[in-house]
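Report on one structure; see the data block that follows.
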Amino acid sequence: MPKLTFPDGASRDYPAGVTGLEVAESISKSLAKKALVIELDGALWDLKREIPGDAAIRIITAADPAGLEIIRHDVAHILAQAVQDLFPGTQVTIGPVIENGFYYDFARDEPFSTDDFAKIEAKMAAIIDADHPFEREEWEREKAIMFFRDMGEEYKAQIIEDLPVDEVVSVYRQGPWIDLCRGPHMPSTGKIPKAFKLMKLAGAYWRGDHRNAMLQRMYGTAWATKADLEKHLVQIEEAEKRDHRKIGRQMDLFHLQPEAQGSVFWHPAGFTVWRQLEAYIRRRLDEDGYDEVKTPQLMDSGMWERSGHWSKFRDGMFVVPDDIPSLDDDGPIVRADADLLALKPMNCPAHIQIFNNGQRSYRDLPWRMAEFGCCHRNESHGALHGLLRVRQMTQDDAHIFCREDQVVAETKKFLDLFASVYDDFNMTDIDYKLATRPETRAGDDATWDRAEKNLAAALDAAGLKYDLAAGEGAFYGPKLEFHLTDAIGRTWQAGTFQLDYVLPERLDASYVGADGEKHRPVMLHRAVFGTFERFIGLLIEHHAGAFPTWLAPTQVVVATITSDADDYAETAAARLRDAGLRVAVDLRNEKINYKIREHSERKVPWIAVVGRQEAENGALAMRRFGIEGRNQEIKPLNDVVTELAEEALPPDVRRAKHGDATAAAAE
RNA sequence: GCCGCUGUAGCUCAGUGGUAGAGCGCACCCUUGGUAAGGGUGAGGUCGAGUGUUCAACUCACUCCAGCGGCACCA
């Protein structure tokens with residue numbers, strides 16, 4: 001007699017052999033109707049399976065996040081059934097639930113087309129209408145392998161072969177269709193909400209390994225209700241509107257072109273944003289005790305051999321022969337045996353050269369060496385993506401050389417800086433992760449133990465909660481990952497922090513300790529923004545192009561209503577410029593509506609409208625971006641100059657100007 | 001790099017086996033208009049590149065290039 005405990009703490013005895021469905025019915029008919037699966041002590045269980053013993057239970061419906069996963073899993077199954085029905089000879093593989101939906105990988109020689117989606121979706125709806133019960137069976141392992149092999153389902157057979165020997169092999173029937181599956185499933189296909197949609201088609205390697213066959217992956221989204229599906233589709237549209245590539249074109253920030261794929265042409269407006277960011281972070285680093293340096297773009301391949309990059313990452317480096325190209329049309333342009341140089345893919349080896357140039361004492365440490373270093377990486381063509389994945393990038397990079405006993409304090413110092421910077425950008429939703437040792441790595445386990453412990457201690461000291469990302473560290477040391485959530489809930493990684501014991505060793509960096517002996521410094525690789533390219537991409541999408549005033553390419557446009565106000569407009573603009581603002585003047589022979597529209601589309605924070613009245617009164621009609629409909633405030637020019645100059649201050653400068661008093665008052 | 005899709009004017013996109021169209025933008029003219037598109041005229045295209053099929057290719061086929069969505073990669 002299983003004793004079942006309900007979420008409210010009450011418990012009740014049920015007859016042996018009772019199923020989840022019967023339990024649900026004993027509570028209420030409507031619950032039984034809505035029930036999808038039952039949770040037993042935290043594990044999900046088919047409603048039609050006997051409950052084996054005492055358990056804390058919860059009936060899962062579509063309204064439950066776990067229920068939504070069941071729905072998505074079941075939709076993946078009926079997708080597979082529909083596809084095999086419509087395209088005989090297609091092999092099924094796996095079809096997991098992912099964020100917002102699911103995918104299914106199929107093996108088929110002919111390519112699928114998105115044109116097939118309508119047909120497949122119709123078939124899926126028919127399977128739901130048929131209301132096939134999902135029926136679980138447990139099979140003997142060899143029988144299952146034979147069965148799927150006989151069906152020509154090589155991938156399924158392989159999956160079973162690779163299951164741990166003690167794992168129960170279960171299959172589920174849904175009407176005429178049968179599939180290997182761990183389950184659980186809802187009682188029948190008829191309970192699946194018709195709130196799904198096939199989204200896209202893509203290639204994916206079998207088991208994620210590029211040496212394996214390429215399968216065809218269908219992505220879909222599925223929800224508990226049609227309204228949820230609609231909402232999701234609208235959200236996708238919203239995200240598309242924020243696409244930094246699109247906004248970059250609309251706001252004339254930058255462009256990319258085939259002759260320099262992966263490298264950005266920054267236009268004046270876009271580079272204005274860059275300059276603000278660079279000036280900002282430079283102030284922050286100066287304040288935090290960094291020394292800025294500049295190191296060579298090209299270094300001899302020998303340097304990269306010594307650093308270890310040549311053997312491991314040569315395929316991602318741009319290599320240049322160290323030879324004068326020949327003007328002779330007949331012969332080769334460069335000698336075949338020319339020495340090789342490489343464009344730097346990172347700044348750290350060069351920074352070690354500065355460290356090594358002269359004798360260093362323990363008194364010099366920590367040495368925080370910063371560089372806005374322009375690096376090149378020969379990223380594969382398929383990886384390039386707007387500003388987010390480029391071949392030429394500039395990092396707000398720095399390397400901190402320190403003693404082992406300084407690692408925790410330096411890490412904490414960086415974490416404080418990091419949080420403060422992102423706070424200035426109004427991005428306070430940050431998840432921290434400690435990425436630990438990967439399978440292939442340099443350095444011994446004792447060193448890794450110490451390194452991971454140091455980072456954990458620093459996170460604790462900074463009062464930060466964090467998760468582990470096991471095996472995600474760099475090959476030379478553990479990393480901290482910073483996952484930011486943007487205005488519409490997407491997560492991004494920009495900055496980085498890595499602990500490195502290996503490179504100082506390889507490039508023989510040392511300092512003289514208090515004991516008069518030579519010691520190895522520890523090296524901390526760190527970047528707050530990451531790369532300017534990626535960070536600007538992130539900012540564009542986070543703000544949907546509407547930058548805060550201090551970053552906006554143009555901060556205020558003075559737009560005239562009639563040409564009688566032209567002279568005054570120029571005077572007002574000059575005043576604003578003198579106050580340090582980025583000002584444009586629009587004297588065109590256009591209606592004010594048209595001017596407002598155009599500058600609003602460019603997301604200029606302020607439009608200062610001047611007509612005859614403003615010109616006579618020495619005023620401006622100020623219109624702030626982002627407020628729907630007519631919004632204006634007539635203000636004396638002098639007041640506007642003062643107020644906008646204040647609003648346009650970078651956050652750190654404003655903080656310094658007003659001291660900590662305002663900050664404290666704000667808390 | 002792999003799989004799929006796409007490539008037509010500065011931008012967004014129609015279009016057909018018989019050598020191209022719209023809207024916006026741009027230029028010029030009229031309009032001086034009070035908070036998200038005033039009107040007119042005009043310029044602008046080797047239809048991504050190459051090869052092939054055809055009397056004829058922007059259209060069909062193949063190859064290449066690039067972009068997009070994934071996968072793999074990401075020091």
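Every value quoted in this text rests on a predicted model; they were computed, and no experiment measured them. Side chains included, hydrogens not; waters and symmetry mates left out as well; all remaining heavy atoms used.
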Original post:
Are side-chain heavy atoms of Q91(A) and L215(A) found at a separation under 4.5 Å?
Top reply: no

Subject >> Heavy-atom side-chain proximity of R437(A) to D445(A) below 4.5 angstrom >> reply: yes

Original post:
With sugar-phosphate meaning primed atoms plus P, OP1 and OP2, does F475(A) contact a base, only sugar-phosphate, or nothing at under 4.0 Å between heavy atoms?
Top reply: nothing

**OP:** Taking atom C1' in both rG38(B) and rG50(B), compute the distance separating them and give it to the nearest angstrom.
**Re:** 48 Å

Original post:
Taking C-beta and beyond as the side chain, do Q555(A) and E647(A) meet within less than 4.5 Å on heavy atoms?
Top reply: no

Original post:
Between D397(A) and R526(A), does at least one N-O distance fall below 4.0 Å, as a salt bridge requires?
Top reply: no

Original post:
With sugar-phosphate meaning primed atoms plus P, OP1 and OP2, does R623(A) contact a base, only sugar-phosphate, or nothing at under 4.0 Å between heavy atoms?
Top reply: base

**OP:** Can you run down the salt bridge (charged side-chain N to carboxylate O under 4.0 Å, His left out) pairs that involve residues 372-389 of chain A, sequence neighbours left out, and say none if there aren't any?
**Re:** E379(A)-R389(A)

Original post:
Mind checking the P distance from rU51(B) to rG67(B)? Whole angstroms is fine.
Top reply: 24 Å

Original post:
Taking the six-membered ring where the residue is Trp, are the ring centres of F497(A) and F418(A) under 6.0 Å apart?
Top reply: no

**OP:** Tell whether S307(A) reaches the base of rA75(B) with its side chain through a donor-acceptor pair below 3.5 angstrom.
**Re:** no

**OP:** Give A202(A) one of three labels, base, sugar-phosphate or nothing, depending on what nucleic acid heavy atoms sit under 4.0 Å from its own.
**Re:** base

**OP:** Mind checking A559(A) for me? I need base, sugar-phosphate or nothing, with any heavy atom below 4.0 Å counting as a touch.
**Re:** nothing

Original post:
When you measure from the side chain of Y205(A), which nucleotide among rA36(B), rC2(B), rG33(B) comes out closest?
Top reply: rC2(B)

Original post:
Base, sugar-phosphate alone, or nothing: which one does G208(A) contact when heavy atoms must sit under 4.0 Å apart?
Top reply: sugar-phosphate

Subject >> Y594(A) ring over rA37(B) six-membered base ring, under 5.5 Å and 30° >> reply: no

**OP:** Sticking with atom P, work out how far rA49(B) lies from rA20(B), rounded to a whole angstrom.
**Re:** 15 Å

Original post:
Is Y103(A) touching bases, backbone alone, or none of the nucleic acid, heavy atoms closer than 4.0 Å?
Top reply: nothing

**OP:** From the options rG34(B), rG1(B), rA36(B), select the nucleotide whose nearest atom is closest to the side chain of S380(A).
**Re:** rG1(B)

**OP:** Determine whether any donor atom in the side chain of R217(A) lies under 3.5 Å from an acceptor atom in the base of rC3(B), or the reverse, and answer yes or no.
**Re:** no

Subject >> Under 4.0 angstrom between R245(A) side-chain N/O and rG69(B) OP1 or OP2 >> reply: yes

Original post:
Just checking, any donor-acceptor pair under 3.5 angstrom between side chains of E371(A) and T295(A)?
Top reply: yes

Original post:
Out of rA66(B), rA75(B), rA36(B), which has the shortest distance to the side chain of E601(A)?
Top reply: rA36(B)

Subject >> Side-chain N,O (K200(A)) to OP1/OP2 (rG70(B)) below 4.0 Å >> reply: yes

**OP:** Select base, sugar-phosphate, or nothing to describe what H385(A) touches, counting heavy atoms under 4.0 Å on all strands.
**Re:** sugar-phosphate

**OP:** Provide the distance between the two C1' atoms, one in rG18(B) and one in rU6(B), to the nearest whole Å.
**Re:** 27 Å

Original post:
Looking only at heavy atoms, what is the nearest atom pair of R245(A) and F254(A), with distance?
Top reply: CA-CZ, 4.2 Å

Original post:
What integer distance in Å separates H599(A):NE2 from rU35(B):P?
Top reply: 16 Å

Original post:
Do E541(A) and W492(A) have a side chain donor and acceptor closer than 3.5 Å?
Top reply: no

Subject >> Integer angstrom distance from the P of rC64(B) to that of rG69(B) >> reply: 23 Å

Original post:
Nearest to the side chain of N593(A), which nucleotide is it out of rC73(B), rU35(B), rC2(B)?
Top reply: rU35(B)

Original post:
Would you say R249(A) reaches rU12(B)'s phosphate, i.e. side-chain N/O to OP1/OP2 under 4.0 Å?
Top reply: yes

Subject >> Residue mapping more 5' on RNA chain B - nearest nucleotide basis, Q261(A) or R391(A) >> reply: R391(A)

Original post:
Do R450(A)'s NZ or CZ and the ring of Y501(A) fall within the cation-pi criteria of under 6.0 Å and 45°?
Top reply: yes

**OP:** Could you provide the dot-bracket string of RNA chain B, using ( ) for intrastrand pairs, [ ] for crossing pairs and | for bases paired to another strand, with Watson-Crick or G-U pairs below 3.5 Å?
**Re:** (((((((..((((....[..)))).(((((.......))))).....(((((..]....))))))))))))....

**OP:** Have a look at L201(A) and say if it touches a base, only the backbone sugar-phosphate, or nothing, with a 4.0 Å heavy-atom cut-off.
**Re:** base

Original post:
Would you call K635(A) and E643(A) a salt bridge, taking side-chain N to carboxylate O under 4.0 Å as the test?
Top reply: yes

**OP:** Under 4.0 Å between any heavy atoms, over every strand shown, what does P111(A) touch: base, sugar-phosphate, or nothing? Just pick one.
**Re:** sugar-phosphate

Subject >> RNA chain B: 5'-proximal contact among M622(A) and H309(A) (nearest heavy atom) >> reply: M622(A)

Subject >> Gap in Å between the two P atoms, one belonging to rG45(B) and one to rG34(B), rounded >> reply: 39 Å

Subject >> Near-strand residues of residues 613-620 of chain A, defined as heavy-atom separation under 4.0 angstrom from RNA chain B >> reply: Q613(A), E614(A)

**OP:** Inspect the surroundings of CD in E259(A) and state if more than 12 heavy atoms from other residues, nucleotides or ligands are less than 6.0 Å away.
**Re:** yes

